[in-house]
Amino acid sequence: QSRGRTCTTMTTALTPTATRPGAALGGGPRWVRGPRAAADGCSNPSRTRGVDATPIPTVPRRAALTALTAAAASSRDLSPATASVAATSEVVREAAALATNGAGASTVAFDDATVTVRGIGRAIKVAIWYPTDGTGPTPTYPHAISVAKIARVLLNTPESTPRFLDRDFPLEPSAGVVRASSSDAAPKNATGAVVLCHGYLGSRFDLVDLAEALAASGFVVAAPEFAESLASPDTVSAQTRPGAKPAANPSATREAVLNATLKIFDDGKFAWIDRDGERRSKVPVALVGQSAGASTATGAPGSFAARVAIAGFRPPPSEEREKLLTLLGDPLLVVASAGDGVISLYPTDGGSFGPYGGIEAEVASLPAEFARFDAGGLLDSVRSGDARRTAFVTYETRTTPGSTPGQQLPCHISFLSSRTNDAMVDVLGPLLPVARALGVPVLDFDRYQVTRDSDEVNETLVPAVTAWLAAVMR
């Protein structure tokens with residue numbers, strides 16, 4: 001398959017009454033508990049198709065804390081690697097030019113806001129980007145990495161895990177981003193809204209490249225911090241890995257955080273204007289997620305303007321007819337890589353999270369027709385005015401100019417911003433040998449430490465996803 005030029009159509013039946021094995025809404029395999037649940041973002045009881053339950057290994061707390069502290073201390077004085085913000089700025093401009101049919105990129109305002117989750121009163125951080133005509137100083141993004149949180153999630157260490165190794169990593173924005181101000185004029189040309197959902201041990205800034213591109217293209221973008229975030233040691237995930245005890249005092253669920261975030265778009269600050277210049281009565285909202293966030297995006301109840309699942313896809317089982325039809329009633333884009341060591345495109349027999357049938361099989365089981373592209377092919381389809389309502393972007397071969405045989409395909413976190421990835425590698429680098437020795441899954445950070453390919457992957461994927469969303473939401 002040549003890069004950027006190939007589209008195939010998957011032959012799954014288009015109607016809900018499809019009779020192919022595994023596709024009929026009344027049949028198909030059942031969900032069973034399995035160790036992949038945490039990475040996929042499934043709540044207990046786990047819903048992992050075709051995977052046997054295996055308990056996680058028990059790590060002595062004293063040994064885990066000793067090894068973790070010694071390794072993390074060696075990284076404390078390191079400075080985070082500087083990602084190519086100049087390259088990202090060019091990607092943002094290209095994406096905006098495509099999404100706006102040549103109108104060009106808007107100035108982007110950034111605000112790090114909070115929302116309160118109903119029922120528990122907990123304040124949740126939400127990063128917001130939106131188009132503006134205003135000016136202002138250049139902000140920094142208040143990214144943080146909590147080693148204590150990583151230890152609590154992956155090693156089951158106690159709440160008293162020391163926090164002196166936690167670090168702040170201010171991130172530089174791309175060109176054209178200004179700090180939001182209370183005096184900002186309301187964006188008059190906001191064409192829609194997008195919620196970005198990070199994955200397990202992720203951050204609200206993981207998809208910052210996409211956030212900036214979308215906002216520069218006229219969207220209001222919100223990225224909440226879910227309980228599984230690596231930024232705060234205070235939050236506790238409501239979901240647990242098989243073999244682990246249920247959380248004693250879990251923080252807000254992903255669904256609760258998402259619902260609180262959606263209320264931001266009802267703020268009178270944002271004016272929703274259609275193509276005829278009339279104010280819209282309903283805000284068109286798309287959901288985009290990576291890894292566990294992909295399950296958040298595709299599993300949210302109700303209809304949305306579009307859904308995008310990156311490096312993770314867990315559709316409702318076929319017997320849940322109503323949920324499945326709701327998902328397929330929205331424009332849907334799925335992105336997967338054969339190089340993903342956590343949630344792969346193809347079946348895997350083992351690994352840190354056990355056997356897995358592959359995202360390709362999940363897509364093939366659906367009663368819908370998906371146009372299959374590589375990232376460049378999706379971009380070309382949008383450029384030609386043929387944006388497919390259901391699309392499947394796959395990374396199967398490396399034919400990028402200058403690539404060498406055997407060069408690795410994107411891993412699980414290659415789709416995230418190099419700004420957050422490089423900061424995480426600086427922290428995790430000394431921890432990786434310890435993690436391997438303890439049998440702790442590291443979510444492909446060891447692979448990314450070698451490839452450092454986020455900028456290369458997002459150079460094409462960010463404009464493709466941005467342009468596709470703009471096209472299907474018009």
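Looking at Asp374, its side chain never comes within 3.5 Å of a backbone N or O of Thr394 through a donor-acceptor pair. Not a single donor-acceptor pair under 3.5 Å links the side chain of Thr460 to the backbone N or O of Ala375. Listed for the Asp444 side chain is a donor-acceptor partner under 3.5 Å among the backbone atoms of Gly341. Formation of a donor-acceptor pair under 3.5 Å by the Glu94 side chain with backbone atoms of Pro463 is not found in this model. Formation of a donor-acceptor pair under 3.5 Å by the His198 side chain with backbone atoms of Leu207 is not found in this model. Distance alone, capped at 3.5 Å, places no donor-acceptor pair between the Asn458 side chain and the Leu461 backbone. Remark: side-chain polar atoms of Arg307 are paired, donor with acceptor, to backbone N or O of Ala297 under 3.5 angstrom. Distance alone, capped at 3.5 Å, is enough to place a donor-acceptor pair between the Thr390 side chain and the Glu369 backbone. Judged by distance alone, with hydrogens and angles left aside, the side-chain atoms of Asp206 form a donor-acceptor pair with the main-chain N or O of Ser203 at under 3.5 Å. With hydrogens and angles disregarded, a donor-acceptor distance shorter than 3.5 Å links the side chain of Ser229 to the backbone of Ala231.
Gln290 CD to Ser295 OG: the interatomic distance, rounded to the nearest 0.5 Å, is 10.5 Å. Interatomic distance, OG1 of Thr298 versus CG of Leu327, reported as 6.0 Å (0.5 Å rounding). Here the CD atom belonging to Glu322 is positioned 11.0 Å from the CG atom belonging to Leu324, to the nearest 0.5 angstrom. Atoms CZ and CG, on Arg474 and Asn101 in that order, are 4.5 Å from each other to the nearest 0.5 Å. The distance from atom CH2 of Trp129 to atom CG of Asp111, rounded to the nearest 0.5 Å, is 10.5 Å. Separating the CZ atom in Phe445 from the CD1 atom in Ile413 is a distance of 3.5 Å, to the nearest 0.5 Å.
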task = Start with the C-alpha distance between Val288 and Ile310, add both sets of side-chain angles, then the distance that settles side-chain contact (heavy atoms from CB on, under 4.5 Å), and finish with yes or no.
result = CA-CA 8 Å; Val288 179; Ile310 302 172; 4.2 Å; yes
task = Could you check Phe226 against Ile124 for side-chain contact (heavy atoms from CB on, under 4.5 Å), going step by step and ending with a plain yes or no?
result = CA-CA 8 Å; Phe226 293 97; Ile124 302 295; over 6 Å; no
message = Applying side-chain contact (heavy atoms from CB on, under 4.5 Å) to Val195 and Phe304, what does each step give before you reach the verdict?
response = CA-CA 11 Å; Val195 178; Phe304 289 87; over 6 Å; no
query = Given the rule in the salt bridge (charged side-chain N to carboxylate O under 4.0 Å, His left out) test, do Glu228 and Arg254 qualify, once you have shown the distances and angles that lead to the verdict?
reply = CA-CA 9 Å; Glu228 301 84 8; Arg254 281 180 167 261; 3.1 Å; yes
key: Derivation and outcome, side-chain contact (heavy atoms from CB on, under 4.5 Å), residues Leu333 and Val465   = CA-CA 8 Å; Leu333 172 63; Val465 172; 4.0 Å; yes
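Looking at Pro224 and Val115, their side chains never come closer than 4.5 Å, going by heavy atoms from C-beta outward. The shortest side-chain heavy-atom distance between Tyr141 and Thr420 does not fall under the 4.5 Å cut-off. Within the 4.5 Å cutoff, side-chain heavy atoms of Leu345 are placed close to those of Phe392. A 4.5 Å side-chain heavy-atom check between Arg419 and Thr88 finds at least one atom pair inside the cut-off. The side-chain heavy atoms of Ser418 and Arg452, taken from C-beta on, include no pair separated by under 4.5 Å. Here the side chains of Val442 and Gln449 are not in contact, with every heavy-atom distance at 4.5 Å or above. Using a 4.5 Å heavy-atom threshold, the side chains of Met424 and Tyr448 count as separate. Two residues are said to be in side-chain contact when any heavy atoms from C-beta on lie closer than 4.5 Å; Ile264 and Val220 fail this criterion.
Ion pairing of Lys149 with Glu225 is absent here, as no side-chain N (NZ or NE/NH1/NH2) approaches a carboxylate O to less than 4.0 Å. Salt bridge status for Asp380 with Arg383: present, with a side-chain N to carboxylate O gap under 4.0 Å.
Counting only N and O atoms by type, the side chains of Thr451 and Gln408 include no donor and acceptor under 3.5 Å apart. Of the N and O atoms on the side chains of Ser291 and His412, at least one donor lies less than 3.5 Å from an acceptor on the other residue.
Of all non-hydrogen atoms in Ala252 and Val257, the two that sit nearest each other are CB-CG2, 3.8 Å. Between Glu459 and Val91 the shortest heavy-atom distance is CA-CG2, 3.8 Å. Closest heavy-atom contact between Leu469 and Ala306: CD2-CB, 3.7 Å. A pairwise comparison of heavy atoms in Cys411 and Ser414 identifies N-OG, 2.8 Å as the closest pair. Taking all atoms of both residues into account, the shortest heavy-atom contact from Ala216 to Val92 is CB-CG1, 3.7 Å. Of all heavy-atom pairs spanning Met473 and Ala286, the tightest one is SD-CB, 3.7 Å.
By the 30° and 60° cut-offs, the orientation of the rings of Phe205 relative to Phe110 is tilted.
Residues satisfying the salt bridge (charged side-chain N to carboxylate O under 4.0 Å, His left out) test with Asp112, not counting sequence neighbours, are Lys125, Arg204. Legend: residues meeting side chain to side chain contact (heavy atoms under 4.5 Å, CB included) with Ala99, ordered by chain and number and at least two apart, are Ser217, Thr466, Ala470.
Between Tyr395 and Phe415, the gap from one ring centroid to the other is short of 6.0 Å.
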